[in-house]
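Note sheet for the following structure.
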Amino acid sequence: MSLPDSISSLISALSKLPGVGPRSAERIALHIVQAETAIVKSLADSILHAREKIKFCTTCGAFTEQSPCAICEDSRRDASLVCVIEQPMDILSIEKSNTFRGKFHVLGGKISPLDGVEPDDLRIAELEKRLTHEPIKEIVIALGTDVEGDATSLYLAKRLTRKGLKISRIAYGLPAGSGLEFADELTLSRALEGRREML
Ligand SMILES: [Zn+2]
């Protein structure tokens, strides 16, 4: 038996989503075609609504509906302290640890020549621009502890070095070779408190 075209194309669209294999795509598609129309419509609407609403904060690079984002706009946060992370979702991990009251800067990846990611592909120039007009005194680098994370941290430390700016990196307690998303809140808050100055 071959499936009707509309189901096949739904399965093929779903299977392009991250973490959704062919079997799950099939299960989800079959669920959708049997669900109430109103429920499916509301799902489709939420997907479209989220996609249309969400943009990147032009300052820090976080996901936001309004740029600058709520964290960049929050005057109660310490503007002299900026934590550099790889992905927008890393902000969530650090916020959950409840130990960091500074601001953020999303790099958008790590330097990885093998994958074709060069420094120019990352939001480093944007960070340098922030250094010229924000009262930043310390940059806390919170990238993963894999080879690319190490290389990128070192590159940043060298490139961002300037008078009166402290550059530190979280390290303590983070499992070697992994990213922030795998660290629990306590580990992350200890890693932030135990950050060490680079260079
Ligand atoms: Zn922001």
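Quantities reported herein were computed from a predicted structural model and do not represent experimental measurements. Counting starts at 1 for both ligands and their atoms, in listed order. All residue numbers in this chain count up from 1 along the given sequence.
Under the side chain to side chain contact (heavy atoms under 4.5 Å, CB included) criterion, Pro22 pairs with no residue, sequence neighbours left out. By the side chain to side chain contact (heavy atoms under 4.5 Å, CB included) test, Lys41 is found to be paired with Asp45, residues two or more places apart in sequence or in another chain being considered. Not counting sequence neighbours, the partners of Phe56 by the ring-ring contact (aromatic ring centres under 6.0 Å, His included) test are Phe63.
A donor-acceptor distance shorter than 3.5 angstrom exists from the side chain of Ser153 to the backbone of Gly149, with no hydrogens or angles considered. A donor-acceptor pair is defined here as one N or O able to donate and one able to accept, closer than 3.5 Å; such a pair exists between the side chain of His105 and the backbone of Arg123.
Between Asp150 and Arg169 there is a salt bridge, with a side-chain nitrogen of the basic residue lying less than 4.0 Å from a carboxylate oxygen of the acidic one.
Around the Zn ion (ligand 1), the protein atoms of type N, O or S that sit closer than 2.8 Å are Cys57 SG, Cys60 SG, Cys69 SG, Cys72 SG.
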